[in-house]
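A short write-up of the structure that comes next.
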Amino acid sequence: MAELRFSALREVFNRKPVEIENHPRNISEIFAVNVFDFPKMERYLPVRAYEAVKESIETGKPIIRQIADQVALGMKAWAIERGATHYTHWFHPLTDATAEKHDAFLERTNGSNMIETFSGELLVQQEPDASSFPSGGIRNTFEARGYTAWDVSSPAFIVGTTLCIPTIFVSYTGEALDYKTPLLKALSALDKAAVKVCQYFDKNVTKVIATLGWEQEYFLIDEALYYARPDLMLADRTLMGHQSSKDQQLSDHYFGSIPDRVISFMKDFELEAYKLGIPVKTRHNEVAPNQFECAPIYEEVNLAVDHNQLIMDVMRRVARRHHFRVLFHEKPFAGINGSGKHNNWSLATNTGVNLLSPGKNPKSNLQFLTFLVNVIKAVNDNQALLAASVINEPNSHRLGGHEAPPAIMSVFIGSYLSSILEELVSKVSNRKMSPSLKTDLKLGIGKIPEILLDNTDRNRTSPFAFTGNRFEFRAVGASANCGAAMIVLNASVAKQLEIFSSEVEAIIKKGRKKDEAIFQVLKKYIIESKRIRFEGDGYSKEWQEEAARRGLHIITSVPDTLKLYLGHEAKSVLVDSGIFTEREIKSRVEVEYEKFIKKVQIQSRVLGDLAINHIVPVAIDYMTQLLNNIKGLRDVFDDAEYNHLAEARKELVISISDHISEIKKLVHDMVEERKKANVIPDLYEKAIAYEKNVKPYFEEIREHIDKLERVVDNERWPLPKYREILFTR
Ligand code: ADP
Ligand code: MG
């Protein structure tokens, strides 16, 4: 049985780094060669079409059919020149993956000749049979059609020989079945609300975009070892495995020199990424052995989300060329760090200002403080919703672990900014403010930039940390589509900024000056959102207790957290603002319950199979060997000597036998619980049953298996061990 494991190890020992051919000297030479971006549009489109696309991207104005036809022609000409034979609408269904269905640029002419065609009609909208995508009951199979519609703001690109056109995905009846549709709505709401606030400070601001720089963490493991681990293959994580004696204790992997095979993989996928216009910049070893990170230069949120989905796809494909498998699961190995996807987020204006970067003078610093405080308030008021946006089955293994953000939302801004906020609270009064007080306040905030620059205090334990010129939302899972978190964050901030301007207007109407009104509302928000600010150790036990006292939401259950999408926060932020309809949000939660149930169910089945078919037989074999040995002792030695010698062996037999019995019993009980859960009709109740009654068996069963791994003959053990998976490459 252990044959597969050992042949896999032999394979790994013989691996060499894969040579990358044609690596260009300058990245700029190949950057975005496979993207139909502005320079290419300029070359391939008539001026009028080019201008129309540009305008549509900037203002959201729809593109008329005639223009779409011209764009399709230009796009086709460019794509065919670059070797494309097919095209596809590329979208993000609610599966955490991307979807595509390729069609050839092929049509029969009147005669029997074939020609290459592509039209505005095909570019703008398509009707894929969508019946097998999750829809949470929105779409019955008899109305299986869904629509995909061109997202002009994300440029088309070529992968292999296929032209990919980013699209939204909606049902026949118009409900969103993807992440992109609501994300675009949230971003447009944010633009509107933020421009209004910016106008208090600078009349030239007419557009605000949200920016996102994701840091993608991942594990790499050799494919031979991967194939020898059915749990990794089917459940994306190891369901058993004794801890390696050495793993990350010495922190000798973090930022260490990158192994040759890995660097070759990185260069290779980065090359593909550059051709697709993804500006990847940073690569390094992460804390856990065989864990790495990749981060790009930030981009506008919608594009950044597309690029993240695309790069995960590219990495999976390129990894195969290097005989690796890349694991994006949030917690593939117990006992060592899991993987996240920190979402660095900020707001930028058309005038080139980063709204979360302290400015050069008191006026721009008041603008900075306004946005800072509003974001904090938004997180405070929508903490439960933000938790719901990042929680799912795999991420639940990571959040609250000792290396990941805790399962509680809080905001870290550092001691200096905290003191500025406190100062504001103590000085601002609701009465008319004297000019000297205003000057004093403004001078106080005028000092921010110098001090922030040297202020390097960073809190790695905070799920939502201010890092100098942006917030870092660290609770997002490595495998997630960042769209989910970005919808909620941007929608929450949009809503908050709307409330802010209406409160400021109300005070101005009462005859107060604009800056006075702003100061007063900010003061109120700082007080109201104090509970969400936390500067201490987010991993500590004291924080759990303190957070409970402060009434913060603590994630303890996945289905219960998902249910918060149906609560009052969500209604005001997501439904009233038109980002989701009531039906859409309900269906989305159902999709999430279903994903949760299925993921637990799959893990439970894989664990049961492995336990009974792989582990128990090996343990029995080894036990038989021990029993034969004991019999042999009996034949050779006299009673006194035999009793002495056989004692330890007998104990071992009994302990192995106990583990086997326990495993069998636990697996049996787990299957019974599954059966009970499976007949529960209500999805929420069913998810709770899976969480409360099925999932707890995983740890229990694993414990017995991991103990067996320590005593059973290494020569017989069927699955690659942690020390092998994490240290051979
Ligand atoms: P860290 O030190 O936190 O690991 P990294 O260099 O790995 O930082 O990643 C930081 C990410 O933050 C990068 O993707 C970077 O482009 C992004 N970032 C920087 N400024 C902004 C901004 N204004 N808006 C959004 N993301 C930003
Ligand atoms: Mg980083």
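All values reported here derive from a predicted model rather than from experimental measurement. In what follows, residues are counted from 1 in the order of the sequence shown. Both counts, for ligands and for their atoms, begin at 1 and track the order of listing.
- Relative orientation of the Tyr722 and Phe333 rings is perpendicular, given thresholds of 30° and 60° on the angle between their planes.
- Residue contact check: Asn354 has heavy atoms under 4.0 Å from atoms 23 (N) of ligand 1.
- Contacts with ligand 1 closer than 4.0 Å are made by backbone heavy atoms (N, CA, C, O) of Ile297 only, the side chain lying farther away.
- Of all atoms in ligand 1, numbered sequentially from 1 with element shown, those under 4.0 Å from a heavy atom of Pro296 are 13 (C), 14 (O), 15 (C), 16 (O).
- With Arg470, Lys281, Glu472, His284 as candidates, the residue nearest to atom 10 (C) of ligand 1 on a non-hydrogen basis is Arg470.
- Salt bridge absent: Glu270 and Lys275 never bring a charged side-chain N and a carboxylate O closer than 4.0 Å.
- Of the N or O atoms in Glu293, one or more lie within a sub-3.5 Å distance of an N or O in ligand 1.
- Ligand 1 has no nitrogen or oxygen under 3.5 angstrom from a nitrogen or oxygen of Trp345.
- His329 contributes a side-chain N or O that, together with a main-chain N or O of Lys331, makes up a donor-acceptor pair within less than 3.5 Å.
- A salt bridge links Arg261 to Asp222: one of the charged nitrogens lies within less than 4.0 Å of a carboxylate oxygen.
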Quiz item: Could you walk me through whether Trp543 and Phe534 pass the ring-ring contact (aromatic ring centres under 6.0 Å, His included) check?
Solution: CA-CA 9 Å; Trp543 172 229; Phe534 178 65; 3.7 Å; yes

